[in-house]
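These numbers come from the heavy atoms of this one structure, side chains and all, not from hydrogens, waters or symmetry mates. Naming convention: chains lettered A, B, ... in sequence-line order (proteins, then strands); numbering from 1 in each chain.
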Amino acid sequence: MSKKLLLKDAHIEGIRYFDVYRKQGGYNAVEKALKMSPDEVLEEVKTSGLRGRGGAGFPTGLKWSFLAKPEGVPRHLVVNADESEPGTFKDRYLMEFIPHLLIEGMIISSYTLGSNLSYIYIRGEYSWIPDILEEAIEEAKKNGFLGKNILGTGFDLEIYVQRGAGAYICGEETALLESLEGKRGNPRIKPPFPAVKGLWGRPTVVNNVESIAAVVPIINLTGAEYAKIGVGRSTGTKLISACGNINKPGVYEIDMTITVEEFIYSDEYCGGIPNGKRLKACIPGGSSVPIVPANLLLKTIAGEPRYMNYESLADGGFATGTMMGSGGFIVLDEDQSVVEHTLTLARFYAHESCGQCTPCREGTGWMYRILKKIYSGKGTMADIDLLWDVQRKIEGNTICPLGDAAAWPVAAAIRHFRDEFEWYVKNPELSQTQNYGLAHYADPIVSTTQN
Amino acid sequence: MSENIVFKTETLEQVNKIIARYPEGKQKSALIPILHIAQKEFGGWLSVPVMDYVASILSIKPIEVYEVASFYTMFNMKPVGKYVLEVCRTGPCMVCGSEKILNHIRTKLNIKDGETTEDGLFTLKPAECLGACGYAPMLQLGKFYHENLTIEKVDEIIDLCRQGAIALD
Ligand SMILES: Cc1cc2nc3c(=O)[nH]c(=O)nc-3n(C[C@H](O)[C@H](O)[C@H](O)COP(=O)(O)O)c2cc1C
Ligand code: SF4
Ligand code: FES
């Protein structure tokens, strides 16, 4: 049984509402934190080892300690609820079912950072969720946890929900701030970082929904106790949104000590692959992280079992490993075409590039067109090399990491599945009616674990 | 024509509440929320007179509105059908059969991607990941998601639209 911190009450009827949430111990962490000094709360978050859950995994406490505090300039907390990375739908689950957990985390975080005006920036397509959040905000206000002079401490806080309008790039923190200022979502050149010049030029912290929610159990347990859960620098619990060819897609909270094999095959999580099919490949951390074939997913190159944590997933670097990313876990079975899947991702990035940098704007469209050509049986061997070349020219040459995020999936697909790309080229007709299926990269331990 | 473009009184109240969410002088931040409201109130898309009206409310230049409206996929720059079927087709949905759903809609309504049926009822818009990957295939219709789709479910949704019996917001 995995330890649950964020979703421990998710099954309770009515947990969406203040009274039920409060009865389960909700808002106790606010009461506790507001008796501490902001610096003491910051210390707890640092001690907890919490790493940003939005994708980059940057230590949250450290990020908070960079916040500039010039005299007389307001500071802001902005929660990143843009969640648009293919495969990722965990923040939606949190906000939809346990909105008060986010609000509670925001109150503590805003107090720590000195923000009296904080925002939740949510992707526009989640258009029914702002109502849920705004109702939770109203309830919290009525009960004295928001508004003026919270719990008589003199701390004031207003929280507002801002909807985006359909743009993946607005998940990048500086694009998000531009959008929140009423502009196009064009990422800013860093430095200055948002911690110095963020929303309206004021010092700002941008954090993912799950990162801010995690502050609640950190305060309830203490940072030191939270840090004992998990392993190494992967402390606490992580939400994983699992999808693709699995029996039980959905959002799971894991403590980061379980193996990838257990996550995919055990009934507590994904419940294995449907119809007795075999595992072919997986993108474990959202579309931007490298795809890995089954053999490298379940075991590292050294033959050790791979675990569901930051370090183990990244073991072997990009040559043989991948990344935890946002926890968007996409499973492909033996019937899936890696070329086709990569093609949809390339189309996604071409569609979402903001167009500011030439390598990203041109390169993403180019990758999409080459992949389409190969997938439709019209590609040549030279196209595969060209594709490799184009992705290499994007990586590292752009203002924001969307360029890298577009290049990595293509690079990893060619790195591990070149034989499949070549098969499309060599079999222009057959490839239009049949799948390449499995090759040497098939799941090595399937027979012992699958029911 | 532009004289007719005025928000209803209740809507104006809502707009003013939104503007009050930001500090003095930062009212431009209200642009995207107000464009959502304008699109809803003025026929599902943003015409130039509508965008000019929004600019006047926020005391910003019309170009500041156009450049934002054209950047975000949720804003329609030309008229769309009453029911916009937005079917996700990115990797995880593709793996779960989104192409079958798209093809069924294309054939049934006899429209291509991005087109509107002659009666003005339906527009088909292929979409990129909408954060419902675990409940694929899916489509968005107005404010809501319809998930774990089958051909039968799609037929049912289309029938309900034709009867005007489906919730859009
Ligand atoms: C193209 C792009 C898209 C991103 N999308 C998201 C997102 O949807 N949600 C998110 O929390 N972070 C996203 N990020 C990461 C943010 O820039 C930022 O690192 C994060 O919100 C910080 O929060 P954290 O430290 O709590 O993870 C994205 C980054 C890039 C480059
Ligand atoms: S890398 Fe792409 S998305 Fe990022 S700023 Fe450049 S063009 Fe825009
Ligand atoms: S891929 Fe379709 S909702 Fe995510």
Fill in: A:Ile330 vs B:Cys133 side-chain heavy atoms within contact, under 4.5 Å
no
Worksheet item: Heavy-atom count around B:Asn110 CG within 6.0 Å, excluding the residue itself: above 12?
Response: no
Worksheet item: Above 12 or not: heavy atoms from other molecules or residues under 6.0 Å from CD of B:Glu118?
Response: no
Item to complete: Output yes when A:Glu125 and B:Lys125 qualify as a salt bridge under the 4.0 Å nitrogen-oxygen rule, no when they do not.
Response: no
Worksheet item: How long is the gap from CG on A:Leu332 to CE on B:Met94, to the nearest 0.5 Å?
Response: 7.5 Å
Item to complete: Can you establish whether the number of heavy atoms outside B:Lys61 located under 6.0 Å from its atom NZ is more than 12?
Response: no
Discussion item. In the structure I gave you, are the side-chain heavy atoms of A:Phe89 and B:Cys129 within less than 4.5 Å of one another anywhere?
Written reply: no
Discussion item. For B:Lys153, I'd like to know if atom NZ has over 12 heavy atoms of other residues, nucleotides or ligands within 6.0 Å.
Written reply: yes
Worksheet item: Tell me, side chain or backbone of B:Gln140 under 4.5 Å from chain A's heavy atoms, or both, or neither?
Response: side chain
Item to complete: For residues A:Ile169 and B:Phe71, determine if any side-chain heavy atom of one lies less than 4.5 Å from a side-chain heavy atom of the other.
Response: yes
Worksheet item: So, do A:Lys183 and B:Lys28 sit near enough that their side-chain heavy atoms are less than 4.5 Å apart?
Response: yes
Discussion item. A side-chain contact here means heavy atoms from C-beta on lying under 4.5 Å apart; do B:Tyr145 and A:Trp128 qualify?
Written reply: yes
Discussion item. Please rank B:Cys96, B:Cys93, B:Gly91 by heavy-atom pairs under 4.5 Å with chain A and give me the top one.
Written reply: B:Gly91
Worksheet item: Just by modelled atom types, is the A:Glu352 backbone N or O under 3.5 Å from a matching donor or acceptor in the B:Glu128 side chain?
Response: no
Discussion item. Shorter than 4.5 Å, heavy atoms on both sides: which option in A:Phe329, A:Tyr119, A:Tyr168 has the most such pairs with chain B?
Written reply: A:Tyr119
Discussion item. Taking side chain as everything from C-beta outward and backbone as N, CA, C, O, which of these in B:Ala132 sits under 4.5 Å from a heavy atom of chain A? Side chain, backbone, both or neither.
Written reply: both
Discussion item. Quick check on A:Tyr160 against chain B: is it the side chain, the backbone, both or neither that has a heavy atom closer than 4.5 Å?
Written reply: side chain
Practice prompt. Just give me the residue among A:Pro249, A:Gly164, A:Ala165 that pairs up with chain B most often, heavy atom to heavy atom, under 4.5 Å.
Written response: A:Ala165
Item to complete: State, yes or no, whether a side-chain contact exists between B:Ser70 and A:Arg184 at a heavy-atom distance under 4.5 Å.
Response: yes
Item to complete: To the nearest 0.5 angstrom, please state how far the CD1 atom of B:Ile32 sits from the OH atom of A:Tyr121.
Response: 5.0 Å
Worksheet item: Top residue by heavy-atom pair count (under 4.5 Å) with chain B, among A:Ser287, A:Gly250, A:Ser241, A:Ser179?
Response: A:Ser179
Worksheet item: At their closest point, which heavy atom of B:Val95 faces which heavy atom of A:Val331, and how far apart are they?
Response: CG1-O, 4.5 Å
Practice prompt. Please determine, among A:Ser337, A:Ser84, A:Gly124, A:Ala242, the option with the most heavy-atom pairs under 4.5 Å with chain B.
Written response: A:Gly124
Practice prompt. Tell me, for A:Asp82 versus chain B, whether the close heavy atoms (under 4.5 Å) come from the side chain, the backbone, both or neither.
Written response: neither
Response to the item:
Under 4.5 Å to a heavy atom of chain A? For B:Tyr135 that would be side chain
Fill in: Heavy-atom pair with the smallest gap, counting every atom of B:Ser29 and A:Trp200
OG-NE1, 3.2 Å
Response to the item:
Distance col, row A:Ser127:OG vs B:His36:NE2, nearest 0.5 angstrom, shows 8.5 Å
Practice prompt. Return the option, out of A:Glu158, A:Gln162, A:Lys248, with the maximum number of heavy-atom pairs under 4.5 Å with chain B.
Written response: A:Gln162
Worksheet item: With the threshold set at 4.0 Å, does a side-chain nitrogen-carboxylate oxygen contact exist between B:Arg21 and A:Glu134?
Response: yes
Worksheet item: Is there a side-chain contact between A:His351 and B:Thr73, using heavy atoms and a 4.5 Å cut-off?
Response: yes
Worksheet item: Should we say atom NZ of B:Lys100 is surrounded by more than 12 heavy atoms from elsewhere, each under 6.0 Å from it?
Response: no
Discussion item. With rounding to the nearest 0.5 angstrom, report the CD to CG distance, B:Glu67 to A:Asn186.
Written reply: 8.5 Å
Worksheet item: Is there a side-chain contact between B:Leu130 and A:Arg123 (heavy atoms, below 4.5 Å)?
Response: yes
